Each structure stands twice: as C-alpha cells, then as structure tokens.
Amino acid sequence: MTPLATAVSGPRARLFACFLRLGTQQASPLQLHTGASLAAKNHYEVLVLGGGSGGITMAARMKRRVGADNVAVVEPSERHFYQPIWTLVGAGAKQLSSSGRPTASVIPSGVEWIKARVVELNPDKNCIHTDTGKEISYKYLIIALGIQLDYEKIKGLPEGFDHPKIGSNYSVKTVEKTWKALQDFKEGNAIFTFPNTPVKCAGAPQKIMYLSEAYFRKTGKRSKANIIFNTSLGTIFGVKKYAAALQEIIQERNLTVNYKQNLIEVRADRQEAVFENLDKPGETQVISYEMLHVTPPMSSPDVLKTSPVADAVGWVDVDKETLQHKKYPNVFGIGDCTNLPTSKTAAAVAAQSGILDRTISLIMKNKKPTKKYDGYTSCPLVTGYNRVILAEFDYNAQPLETFPFDQSRERLTMYLMKADLMPFLYWNMMLRGYWGGPAFLRKLFHLGMS
C-alpha cells in the first residue's frame, strides 16, 4: 500500500501533517485506567452516560474543565471499539483485532469508571440508577448512550447468523461472518440491505456492496455474481452531489438497486431473504441468496425510550445548535442517541464534541451558549479497496467539504485517510479531547486559496 505521506503531497498536505503532529504533541500519553475504585462517590459534577466515542471524548474534555475527580463515566463494556473500520474488516482489508482496545485504556486517567449499565434517568432529581442498584447524582449530565441494534426485529435473526452465507458489519459478533461469506461465495445473488429506521453511518450498507463487487472482480467471480442493494430509502444517498457520483458507479459496475424494499425475514436454513414493498404494504418478495449482508433496524436505547429526556420517538431531545436539552438545562446529549437531524457518524460526534464543550463551559459560568453546531457530518464512501468518495455535509444536506478539490470523485488519498489516518486521529486525538472535526482545516485551505 502506498504510504500516506507520498500519496498526499504538496504544500497544503505538508501543512496538514504539521498540524496533526502539533495536535499529537498536545495530547499527553493515555494512562491505563484500572476501573472503579473502592471509594467510588455517589455524586459528580459531571456524569457521562456511555463509554463510546461521544462519552470518552466528552469525559476527556470535562476533565480539563473541572478536574478528573469530578468526572465519572458509566459504561458496562470491557472493550471499546472504533466501529468505522468494520467496513474494511468485513471486506478482509483490516483485522478485527485492530478495532478494539480495553475500555480501561481509553477512560481518561483519574476519571471514575463506573462499570455498570444505566437502567433509569431521573432528571427532575438530578440522578440516575444503575443495574447494580446504585443511585448517582450529578450537577451536569452528558448523555452519550449511542444507538441500539435491533436484529430481533427481523424474523429469523439473530439466530440466523449461526448459518453460513450471512454477515453484518454492524456487530463485533458478526462482522467477520461477512468476510467469510464473501470468501465462500460461488455463484448467485449477493444481497445487501438497508432498514426502515434511522441507522448509524448510513453509507456503510452500500460500502460493503462496492467492496464485495471489487473482491468478486479480483477473484474472477464477478460474472457469477448478481449484486443487489435492497434499500428502504427512496434514494441512494441524501446529498445530491454524492448521489449523482454513486449512481454513475452503480451503472458502470452493473449493480442492481431496488428502492423501498425492507428486509422483514431471513430464512437462513434455506438461504432466503424476505422483503416488504414499502410502497405497497403487505406485498412481499422472497429472494434466494448466496451471500447476505444485513444492516439491522436500529433505535434509541431502551433506557431512553421511556425517559423524561426523550422526545416522542425516544431520542434525547436537544437543541440542534447547542446540544443542550430542551427541558433540562443541566442535561446535554451527543452522538447517535440524540434527535439531531444529521447523519449519525463518528465524524459528527467529533464536530459536536467541540460545540458541546463550549456550550457546557458557558453554562457553568451562567452564560448563554454562543457556539452553534451546523450539522457537520462526514461519510467516507468506500467504493473499492483503494478508493473513497469523501462526503461531508451539513443539516441542509449541502456539501461542507474540507479539501480544495472535488470530493465527489473517487480518490486513493481519501481511502488512505479512511483506512489509516482517521483511526490514528480517533485513538490519539479525538478520544483525548483534542479533535473537534476539520472546521479549522477548511478555514486553513480556503485562506490558502484566497
């Protein structure tokens, strides 16, 4: 693989690399956190619910605001995963082991790790309850509980994953099954699905389709593969500029896309998938498969659905510009569990973290938040083993691009950024609270062009 340093050249790229080095130097070495202490407190100035990307990032930022002793993270999982790389794991381009680290190693040093699951939120009394029976109170609450995978809403799952020929890049338990199904493919239909719910990383369901097509070409199986993308949506992508580019690829590579088709059942023992036509409820179609990639239905975590902090459909109800809760001024939300009307991605979390950090700092000083989140999100659309279309856009589904070139074109440099640079930024800068998205780079490049 071509090294990033040689693939991305020129003065702007060298300036970009310089900023990355500076950011890394700012970030002190991450120390191993050994877990909850025997003297764990029952009250914290800042309590963070969730130890995913949003939770860890905000814990690091809040540690610098109020001190490590005054911050705690509630998270039951022993391992933390960088999930965006699972697209490449499912295609055999990365190892699953590279995507995870012990949760203890990413909790900011000195911050309390409460190894438990949240079972109740009581914002009227400024406290939460855990599955260990503990009540914990707070002055400020940050909700970063992510999104829930609902495989069981598809008849025949998750037990269907015990059979061959089926996988899903959305779970650590099933992502390697995707790669196995890809390798074992002989002849027939390769089906890729998109559910009739909000999802995290809405580009991922089609990324694995493009990678599979490339793998079939590389292994001489392309002529034997009928590649089908059945999506519940009515369009291939929500931003017109990138949708047009993807449509060209779909036509060039002879891929079949069926819209308004929702997977409702998997008969894994017979290698059959059942889809409902959303335009004609009750009308179903059974398609046999040689390979099936399932993107599961998703929803807000159950603990939030009936919580006072949730909106009518279960998401944390926050102001879309400040990320402050609409009813409880000392409660904030970040990431996939919120009702922010933007695509749910790690890139969005990075951008939100900088805004939320500023919002909370002003609230703590009894000042009104001034920094506004514009809905920035990013989706590196992997279209092959060495090509990516880097989609970046805002609340209005308008491109909000970082680089001074047309990002709707497939590029090797953007693939290298996705595969190698972004994991580095995630582990070494974002989780340490030093990466708030590429806004400063946009300004830098645009200034350089003026």
Side-chain angles (χ1 to χ4, degrees), residues 147-161 163 165-170 174 178 181 187-210 212-213 225-240 242-300 305 311-315 339 341-344 379 381 397:
I147 198 167
Q148 180 174 289
L149 305 181
D150 295 325
Y151 284 104
E152 71 282 356
K153 290 184 179 179
I154 299 172
K155 186 178 179 181
L157 294 183
E159 62 272 17
F161 288 113
H163 293 261
K165 309 290 187 179
I166 177 174
S168 175
N169 289 352
Y170 276 88
T174 57
T178 303
E187 182 176 5
N189 293 326
I191 305 175
F192 305 84
T193 74
F194 192 111
N196 190 28
T197 67
V199 299
K200 55 182 173 182
C201 193
Q206 60 182 293
K207 295 177 194 179
I208 186 59
M209 171 180 66
Y210 302 125
S212 297
E213 193 274 341
N226 181 31
I227 300 173
I228 303 170
F229 185 56
N230 273 10
T231 172
S232 296
L233 302 178
T235 183
I236 194 66
F237 199 75
V239 181
K240 289 182 179 179
Y242 308 119
L246 293 171
Q247 286 290 3
E248 288 185 14
I249 292 171
I250 288 166
Q251 291 177 3
E252 289 171 1
R253 300 181 191 175
N254 193 27
L255 309 175
T256 299
V257 178
N258 299 314
Y259 297 107
K260 297 292 185 174
Q261 297 294 313
N262 183 41
L263 179 67
I264 60 171
E265 182 180 357
V266 175
R267 302 166 182 168
D269 56 335
R270 288 182 272 175
Q271 290 178 216
E272 292 178 345
V274 183
F275 294 89
E276 180 179 22
N277 184 343
L278 295 177
D279 284 335
K280 298 178 181 179
E283 179 180 296
T284 61
Q285 180 184 19
V286 180
I287 308 177
S288 62
Y289 63 83
E290 171 68 3
M291 173 187 175
L292 175 65
H293 177 269
V294 177
T295 299
M298 302 180 204
S299 65
S300 174
K305 287 186 176 80
D311 66 9
V313 290
W315 307 102
N339 61 358
T342 194
S343 187
K344 300 177 184 295
C379 182
L381 293 157

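Keep in mind the model is a prediction, meaning the values are calculated, not measured.
Side chain of Q206 to backbone of I236: a donor-acceptor contact under 3.5 angstrom is found. Side chain of Q271 to backbone of S288: no donor-acceptor contact under 3.5 angstrom is found. The backbone N or O of G167 sits nowhere less than 3.5 Å from a side-chain atom of T174 that would complete a donor-acceptor pair. Side-chain N or O atoms of T178 include one that pairs as donor or acceptor with a backbone N or O of S168 at under 3.5 Å. Between the side chain of T295 and the backbone N or O of T193 there is at least one donor-acceptor pair closer than 3.5 Å. Looking only at distances, no side-chain donor or acceptor of T197 sits under 3.5 Å from a matching main-chain atom of P297. Side chain of E272 to backbone of I287: no donor-acceptor contact under 3.5 angstrom is found.
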### Query
Hey, mind stepping through T284 and E265 against side-chain contact (heavy atoms from CB on, under 4.5 Å) and telling me if it holds?
CA-CA 10 Å; T284 61; E265 182 180 357; over 6 Å; no
### Task
Using the side-chain contact (heavy atoms from CB on, under 4.5 Å) rule, take L149 and K200 through it: C-alpha gap first, then chi angles, then the decisive distance, then the call.
CA-CA 10 Å; L149 305 181; K200 55 182 173 182; 4.2 Å; yes
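E283 and N277 are linked by a side-chain donor-acceptor pair at a separation below 3.5 angstrom, with hydrogens and angles left out of the test.
The OG1 atom of T231 sits 9.0 Å away from atom CG of N196, with the distance rounded to the nearest 0.5 Å. Between the CG atom in N262 and the CG atom in L278 there is a gap of 5.0 Å [rounded to 0.5 Å]. Taken from CD1 in I147 to CH2 in W315, the straight-line distance is 4.0 Å, to the nearest 0.5 Å. Remark: I228 CD1 to N258 CG distance equals 6.5 Å, nearest 0.5 Å. One finds the CD1 atom of I191 at 13.0 Å from the NZ atom of K165 (value rounded to the nearest 0.5 Å).
Between C379 and K207, the shortest heavy-atom distance links the atoms SG-CE, 3.8 Å. Nearest heavy atom pair, residue P296 against residue V199, reads O-CG1, 4.3 Å. Residues S232 and K260 come closest through the heavy atom pair O-CD, 3.5 Å. When every heavy atom of M291 is checked against every heavy atom of S212, the shortest pair comes out as CE-OG, 3.8 Å. Contact record, E213 with R253: OE1-CD, 3.6 Å, taken as the closest heavy-atom pair. What you find for Y259 and G234 is that their closest heavy atoms are CD2-C, 3.7 Å.
Residues L157 and I166 form a side-chain contact, since some pair of their non-hydrogen atoms from C-beta on lies under 4.5 Å apart. Using a 4.5 Å heavy-atom threshold, the side chains of V266 and H163 count as separate. In this structure, K344 and M298 have side chains that are not in contact, with every pair of non-hydrogen atoms separated by 4.5 Å or more. The shortest side-chain heavy-atom distance between T256 and N226 falls under the 4.5 Å cut-off. Y210 has its side chain out of reach of L381: every pair of non-hydrogen atoms, C-beta onward, lies at least 4.5 Å apart. Contact of the K153 side chain with the P195 side chain is not registered, since no non-hydrogen atoms from C-beta on lie closer than 4.5 Å. Within the 4.5 Å cutoff, no side-chain heavy atoms of L255 are placed close to those of F192.
Ring pair Y170/H293 is tilted by interplanar angle, where 30° to 60° counts as tilted.
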